[in-house]
Amino acid sequence: MFISSAFAQAAPAAAASGDMQSSLMGMLPLVLMFVVLYFVMIRPQMKKAKDHKNMIEALGKGDEVVTAGGVLGKVTKLTESFVSIEVANGVELQLQRSSVVQVLPKGTIK
């Protein structure tokens with residue numbers, strides 16, 4: 001009385017080529033979003049990292065640099081992973097090479 005009868009439905013037919021096309025069209029927005037994400041975010045980030053690596057490898061004695069903390073100085077010594085910069089007469093700081101963010105044109109620091 002309170003329970004109604006349940007009737008089984010017929011099983012759907014095997015997937016046709018139309019179903020496959022609709023599933024591919026459903027994936028299209030996801031693929032497009034990934035492509036846009038790659039060109040807008042991932043690729044520029046990789047290029048920036050590559051440019052920073054090349055700049056750090058090209059550092060030389062006498063270069064005028066800016067550190068990540070905003071300190072300006074002239075490179076006095078270089079090792080494999082550290083750089084010493086002179087920030088004032090007789091004042092040297094030893095920093096990691098990766099903390100150098102910019103190489104300035106010669107003569108910027110007086």
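Heavy atoms only: backbone and side chains are in, while hydrogens, waters and symmetry mates are out. What you see is a predicted model, and the numbers here were worked out from it, not measured in a lab. Sequence positions, counted from 1, serve as the residue numbers for this chain.
- For Thr76 (side chain) and Ser84 (main-chain N/O), a donor-acceptor pair under 3.5 Å exists by modelled atom type.
- Criterion: ILVMFWY side-chain heavy atoms under 4.5 Å apart, direct or through other members. Under it, Leu37 and Val40 are part of a common hydrophobic cluster.
- Under the 4.5 Å side-chain heavy-atom criterion for ILVMFWY residues, no single connected hydrophobic cluster contains both Leu30 and Phe39.
- Ile42 is not connected to Met33 by any chain of hydrophobic side-chain contacts under 4.5 Å among Ile, Leu, Val, Met, Phe, Trp and Tyr, and they are in different clusters.
- Here the CD atom belonging to Gln102 is positioned 9.0 Å from the CG atom belonging to Leu72, to the nearest 0.5 angstrom.
- At a threshold of 4.5 Å between side-chain heavy atoms, the hydrophobic network of Ile, Leu, Val, Met, Phe, Trp and Tyr places Val75 and Val87 in one connected group.
- At a threshold of 4.5 Å between non-hydrogen side-chain atoms, the residues Asp63 and Lys106 count as touching.
- Considering all non-hydrogen atoms of both residues, Ile56 and Val100 come closest at CD1-O, 4.1 Å.
- Val91 is connected to Val83 through a chain of hydrophobic side-chain contacts under 4.5 Å among Ile, Leu, Val, Met, Phe, Trp and Tyr, so both are in one cluster.
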The test is side-chain contact (heavy atoms from CB on, under 4.5 Å); show your working for Lys48 and His52 and say whether it passes. CA-CA 6 Å; Lys48 186 176 179 182; His52 185 257; 5.8 Å; no
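- Sequence neighbours left out, not one pair with a member in residues 92-101 passes salt bridge (charged side-chain N to carboxylate O under 4.0 Å, His left out).
- Interatomic distance, CD1 of Ile109 versus CD of Glu64, reported as 4.5 Å (0.5 Å rounding).
- In this structure, Glu57 places its CD atom where more than 12 heavy-atom neighbours from other residues, nucleotides or ligands lie under 6.0 Å away.
- For the residue pair Leu78 and Lys61, the shortest heavy atom distance occurs at CD1-N, 3.9 Å.
- Annotation: Lys47, atom NZ; neighbour count of heavy atoms from other residues, nucleotides and ligands within 6.0 Å does not exceed 12.
- A side chain to side chain contact (heavy atoms under 4.5 Å, CB included) with Val66 is found for one member of Ile85, Val103, Val71, Leu104 and no other, namely Leu104.
- Across every non-hydrogen atom of Pro29 and Gly26, the tightest pair is CD-O, 3.4 Å.
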